[in-house]
J.: 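Just dropping this structure here.
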Amino acid sequence: MSMQIVIVGSGIAGITCAEELLKLRPDMEVRVLTQETRGYYSRPLLSNGFTRDNIESTIILRSFETLAKSGIKLEAGVNVTAVKRDARAVVYQRSGDECVLSYNKLVLAQGSAALIPPPFRSQEALFNVLNSLSDLILLRRRRTALREAGDTPRWAIIGGGLIGCEVASDLVKAGDRVTLFHALPRLMERQLVEEDSATLLQVLQDSGVKVLLNCAVQGIQKKDDCLAVLADGETYPDFHTIIVACGFKPRITLAQSAGITTQRGIVVDDFLTTSDTSICAAGDAAESANGKLYAYVTPVRSQGLWLAQYLAGRTSTPWQPPFFKPKAKVHGFNAAHPYLF
Ligand SMILES: Cc1cc2nc3c(=O)[nH]c(=O)nc-3n(C[C@H](O)[C@H](O)[C@H](O)COP(=O)(O)OP(=O)(O)OC[C@H]3O[C@@H](n4cnc5c(N)ncnc54)[C@H](O)[C@@H]3O)c2cc1C
């Protein structure tokens, strides 16, 4: 029987690994299980998804049919719920049925969810996130409905990190009204030096975004037909939609429940192997041996390619993070200094 590789997740880590593996070892059985239903898409394009037409189709890099034709056995719209390490099998839900799939090697490439800070966790019905294509489609529909009713959509974005700034910039460029709340004194403080944060602030303000710095949001409330943001003792009323953009959270629950070592992410060694030698992890879900999370497209793709080489038996040297230059997709903004990582 041919070697069976099971990959959980159809993001850039999972699909890059699957495609490369099939090129290197067509004799292997490569199976991908994913919650997605719309195809393999470019996640970075989500934050510029309001100024682009036909994003629902142009964002798709490969349809699931195309991937199937290339030989990947992919099951879409399924949810992997457990890893039975003793039996080397994963358990997953497909349309209400419980299914089991055996593996010789398992790759956990489940990516990350939006991080929701404690003040908002009990208020899920009142805010949105922008983390997947389904999230974008929902937000675009809401925006279209408001515009068709003759309203200019009013947005509160909570979080002035990379994604918050990108989304604020794109929405205002699309013609909407945007207020950006950031708890700290400068924008994108994790990625930019002070001078570039100041330039970014100017660019966003010039484009029409109302930026509130040092403004920690304590909660959100429904107020008549609109939403209000409570921050620093003040109430900011009248938003149609609130987007929480406070960072990302690697999806570790599956690994954790299976007794695999996790910290912030699923802990891997220099060979992207977890504490179980039959299980690897890559992408946003994985935490490197040096404690870093390489949650950017270039290193994630590099992990997917390297892992394919490794699983195909074509390399025995450790994965090395590639040189990469992150860049915020804020309209009209270019940093003068390299990004911090
Ligand atoms: C809005 C936004 C903008 C970004 N912009 C940039 C940028 O400009 N440049 C850059 O370098 N990076 C950017 N990033 C980060 C980059 O997109 C990620 O680092 C990258 O997509 C991670 O890929 P991944 O394969 O690890 O995970 P993901 O793309 O998150 O894929 C994980 C997949 O696993 C599936 N999955 C999860 N759990 C299960 C389960 N239990 N069962 C079945 N399937 C499951 C999910 O449905 C998903 O398909 C951005 C991210 C976001 C959200």
Side-chain angles (χ1 to χ4, degrees), residues 6-18 31-50 55 59 61 64 67 74-83 90-94 99 101 106-115 128-136 139 157 159 161-170 188 191 243-258 265-266 268 272 281-287 293-305 307 322 324-330 339 341:
V6 173
I7 299 174
V8 183
S10 64
I12 191 163
I15 296 299
T16 304
C17 181
R31 305 190 72 121
V32 174
L33 301 174
T34 181
Q35 289 167 344
E36 301 285 349
T37 53
R38 294 185 164 90
Y40 166 46
Y41 58 87
S42 165
R43 216 161 153 233
L45 280 186
L46 294 174
S47 40
N48 283 170
F50 301 97
I55 186 83
I59 199 168
L61 300 169
F64 286 153
L67 291 173
L74 187 143
E75 284 196 67
V78 300
N79 185 29
V80 178
T81 51
V83 179
V90 291
V91 180
Y92 62 102
Q93 300 290 323
R94 183 180 54 201
C99 309
L101 182 63
L106 175 66
V107 176
L108 298 175
Q110 298 144 266
S112 58
L115 179 84
N128 292 77
V129 297
L130 182 58
N131 192 56
S132 68
L133 183 51
S134 317
D135 297 332
L136 176 65
L139 292 168
I157 312 290
L162 186 96
I163 292 173
C165 290
E166 290 183 346
V167 174
S169 158
D170 204 53
M188 279 181 66
Q191 292 93 359
I243 298 182
V244 173
C246 293
F248 69 98
K249 191 173 180 317
R251 294 195 178 97
I252 60 169
T253 323
L254 199 58
Q256 220 170 19
S257 314
I266 303 168
V268 292
L272 304 185
D284 283 11
E287 176 173 329
L293 300 166
Y294 288 94
Y296 287 101
V297 161
T298 306
V300 169
R301 181 178 288 122
S302 151
Q303 287 185 338
L305 289 171
L307 196 51
F324 65 103
K325 275 187 174 178
K327 187 181 178 319
K329 303 180 295 297
V330 170
Y339 283 54
F341 179 72

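Every number for a ligand or one of its atoms is a count from 1 in the order of the listing. It should be emphasised that the depicted structure is a prediction, and the values quoted were computed from it without experimental measurement.
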J.: Counting only heavy atoms and a distance below 4.0 Å, can you name the residues contacting ligand 1?
T.: V8, G9, S10, G11, I12, A13, L33, T34, Q35, E36, R43, P44, L46, S47, V78, N79, V80, A109, Q110, G111, S112, L130, N131, I163, R251, G283, D284, A295, Y296, V297, V300, K329
J.: Run the side chain to side chain donor-acceptor pair (under 3.5 Å) test against E166 and tell me which residues pass, sequence neighbours left out.
T.: S47, K329
J.: Would one find more than 12 heavy atoms of other residues, nucleotides or ligands at under 6.0 Å from atom CZ of R301?
T.: no
J.: So if I apply the side-chain contact (heavy atoms from CB on, under 4.5 Å) rule between V32 and each of V8, I7, V107, V78, which one comes out positive?
T.: I7
J.: Only counting residues at least two apart or in another chain, list the ones meeting ring-ring contact (aromatic ring centres under 6.0 Å, His included) with Y40.
T.: none
J.: With Q35, which residues qualify under side chain to side chain contact (heavy atoms under 4.5 Å, CB included), at least two apart?
T.: N79
J.: Just say parallel, tilted or perpendicular for the rings of F324 and Y294, cut-offs at 30° and 60°.
T.: perpendicular
